[in-house]
Amino acid sequence: MPDMEKRKEKQIIVIVDDNPVTLKAGRDIIKNDYNAFVVPSGEKLFTLLLSVKPDLILLDIKMPGMNGYEVIKELKSRDDTRDIPVIFITSLNDAENELEGLNLGAIDYLLKPFSAPLLLKRLGTHLRMLSQTQTLKKVNEELLQAKEQAEAASKAKSFFLAQISHEIRTPMNVIGGMAELMREDNLDEVQKGYLRDIRDMSGSLLQIINDILDLSKIESGKMDVFPVHFSLADTYTHLCSTYSCLARNKELEFRSFLDGELPKVIYGDEIRIRQIITNVLGNAIKYTHQGFVELRIGKTIRNGSDWLVVSVADSGIGIKEEDRSKIFSNFQQVDQEKNRSIQGTGLGLSITQELVLLMGGSIEFESEYEKGSIFTIYLPLIFGDKGKIERNTLFERVLAKGNVSVLVVDDNPVNLTVALGFLLTHNIKAKTASSGPEALGILWEQARLSHEEPVFDLIFMDHKMPDMDGIEVTRHIRKWEEKTRQKKPIPIVALTANAVTGTDKIFFEAGMNDFISKPIIANQLNTVLKQWLPPGKISAGAGEESKEKSPLKDQMELLREACKLCSTDEAERIAAVLPQYAGSSEMAAALEKIQKIIKSYEYEKALNEIDVLLKSLDRG
Ligand code: ADP
């Protein structure tokens, strides 16, 4: 029995030769090390192969009946025998035919009569190599399979993210949008507090979704940097105004410093640079309970090049030595015990580090537990060109003059209400359609009734709708425009809750002009309106026409709300356009004074001044 098992374990070698002397000699040499079979012809070999699967065949060339070449051709043509390695055995005077044998797929040749040590050595070497090749092949197949599984998992994750982001963003659009549009005038203090909480929390939720999407973009290598020429001082001022307010709410001292040596305009991805600083500065405020937070933006020279240096210091809870290595990892929040009450996902710093690396920079930190931390970011400093700064639409609210015809298409009635509410703040009374076919019906009808072109000044088109989605509706509209030879195509802007990269391509391919993501953000909408509405039909803040269109009192009340919420961007935007509404030089001076007060973030003082002015306006 043990002998049988040993026999079983041994590799199988078949010798094929018409000469019994060769068969016997070969078998005697190998029988101790291998499981040896001998057959006198090619035909007999194929009979044997019905019951035996050899690990290697030693094959004679010159044989009556099938010769060696015919045998190997047959072996290589069959699926079940193709992979069996073959070594030709030739006598010395056949040696010139070796090449033909090798060309037909043999792995080697051996000379007859056999030399025992040489035969054993060659067999050993080949079988070892074959076994290694087979192992490698198996490992490769497993790796390939694992790669395919990983790719499928990654695809499933992207799909899931796209779906979930859509599912979450749609209701968020409604919650955030409605809260944004709701006036506080008729609410008592408690209700105002509730409303502010709704706004804050929907903002936090959106931040989490955006972080997860950023992470998935980074992981799939789809995160891009879009450099522009921008004013560093403006970015610094905005950051300071937002974060000084947040620091003040926590009774922290906010210190800031911008190096006067820095160029006024730099070239870089403004949005991502702002995101990097926001993450680190936000953490500093979040993890500091008393003392100060400090933002410094300066420059340095390293290896002969200029670098922008952003450092954020705090007197906060600090980071333990043993947690140092964890803080840049995904979903890692350190010192859980102490940070229990602090909100966060543990994604901020990991995204920050990835963004910094993507821009060719680096991030480092020093920290002393329970004393504070300093995070320092180095980014390549590229001087910008003032003339190439894209006009900042932040402070110029687009207001419609007279009749601007806009159509909003969305299957969700609450989303329509939110969109209409936002558009109303731009003096736009939009038409609505709750499905693709309804939108097309309205368009044809409008075209029949009016001969003005384009039929609509702008269409906002939801992406995902039952029956006919936004892409299909757009294709229909573009085809109709072509058929009816419309002179001007209607600008179509997609409204999408899907923020995964690559979706924008689908919109443009379908003939859409632009897209904005849901939840609708006031500034994004403003930019889109400015870009796509006919310039003659709008005034962008500084325009003459806005004087009559937007009463001073309304704007003052909006400003009052913004100051109360320490909503710096909003307050600065409104304050910047206020002086143009002044009917007299005294009023202009008073409004400019408020603007200055707001620029120094003294919101209490600004509120007093606003109240005085409002009262004087009430008195007429
Ligand atoms: P989170 O959303 O939890 O703030 P981050 O990725 O931004 O996630 O930060 C990771 C962890 O690093 C935080 O949970 C916190 O424990 C720690 N951390 C970050 N910044 C500071 C800081 N300025 N002071 C103390 N701890 C910090």
Side-chain angles (χ1 to χ4, degrees), residues 79 82-83 128-172 204-227 269 271-272 275-276 279-280 283 322-334 336 343-364 377 463-464 469 471 494 496-510 515 517-518:
D79 286 343
R82 180 172 300 136
D83 294 331
R128 219 176 15 260
M129 264 167 45
L130 287 165
S131 132
Q132 280 167 358
T133 312
Q134 266 160 12
T135 313
L136 267 179
K137 214 169 132 189
K138 200 163 155 253
V139 171
N140 261 347
E141 273 163 14
E142 281 167 4
L143 278 176
L144 209 68
Q145 219 177 351
K147 184 174 161 262
E148 275 163 14
Q149 276 168 359
E151 278 169 1
S154 162
K155 260 196 194 146
K157 194 176 83 176
S158 299
F159 180 71
F160 171 77
L161 273 172
Q163 289 297 103
I164 204 79
S165 115
H166 184 266
E167 293 313 312
I168 297 175
R169 276 169 176 270
T170 304
M172 285 277 309
S204 308
L205 190 53
L206 192 62
Q207 183 58 48
I208 294 172
I209 301 169
N210 286 342
D211 276 357
I212 294 176
L213 286 169
D214 274 355
L215 187 77
S216 81
K217 272 189 219 165
I218 289 168
E219 278 183 351
S220 59
K222 284 184 185 151
M223 177 66 91
D224 285 323
V225 175
F226 297 103
D269 188 331
I271 293 173
R272 295 301 180 187
Q275 185 180 356
I276 290 167
N279 279 347
V280 179
N283 276 349
E322 65 261 33
D323 289 331
R324 287 185 63 88
S325 58
K326 295 188 205 151
I327 70 157
F328 290 113
S329 313
N330 292 342
F331 302 107
Q332 281 277 4
Q333 289 181 289
V334 298
Q336 299 270 7
Q343 282 184 18
T345 53
L347 282 178
L349 280 182
S350 126
I351 293 171
T352 302
Q353 187 183 41
E354 293 291 347
L355 288 174
V356 169
L357 294 176
L358 205 65
M359 291 181 190
S362 63
I363 177 166
E364 50 197 58
I377 297 148
H463 176 200
K464 294 205 171 156
D469 72 7
I471 306 277
T496 172
N498 185 347
V500 171
T501 21
T503 333
D504 45 351
K505 209 170 140 216
I506 309 171
F507 298 142
F508 295 129
E509 275 170 7
F515 67 96
S517 53
K518 288 194 260 189

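Quantities reported herein were computed from a predicted structural model and do not represent experimental measurements.
Below 30°, between 30° and 60°, or above 60°: for Phe507 and His463 the angle between ring planes is above 60°, a perpendicular geometry.
A distance of 10.5 Å separates CG of Leu144 from CD of Gln149, quoted to the nearest 0.5 Å. A distance of 12.0 Å separates CG in Asp214 from CD1 in Ile209, rounded to the nearest 0.5 Å. From Ile276, atom CD1 reaches atom OG1 of Thr352 across 6.5 Å, with rounding to the nearest 0.5 Å. Here the CG atom belonging to Asp211 is positioned 4.0 Å from the CD1 atom belonging to Ile351, to the nearest 0.5 angstrom. Rounding to the nearest 0.5 Å places CG of Asn283 at 5.0 Å from CG of Leu349. Atom CG in Asp269 sits 8.5 Å away from atom CG in Leu355 (nearest 0.5 Å).
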Decide salt bridge (charged side-chain N to carboxylate O under 4.0 Å, His left out) for Glu151 and Lys147; before the verdict, give the C-alpha distance in whole Å, the side-chain angles of both, and the deciding distance to 0.1 Å.
-> CA-CA 6 Å; Glu151 278 169 1; Lys147 184 174 161 262; 3.3 Å; yes

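Annotation: side-chain contact (heavy atoms from CB on, under 4.5 Å) contacts of Leu206 (sequence neighbours excluded): Arg169, Met172, Asn210, Pro519. For Leu357, the side-chain contact (heavy atoms from CB on, under 4.5 Å) criterion is met by Gln353, not counting sequence neighbours.
Closest of all the heavy-atom pairs between Ile471 and Ala510 is CG2-CB, 3.5 Å.
The environment of CG in Leu358 is crowded: more than 12 heavy-atom neighbours from other residues, nucleotides or ligands sit within 6.0 Å.
Residues Met359 and Arg272 are in side-chain contact: their nearest non-hydrogen atoms beyond the backbone lie under 4.5 Å apart.
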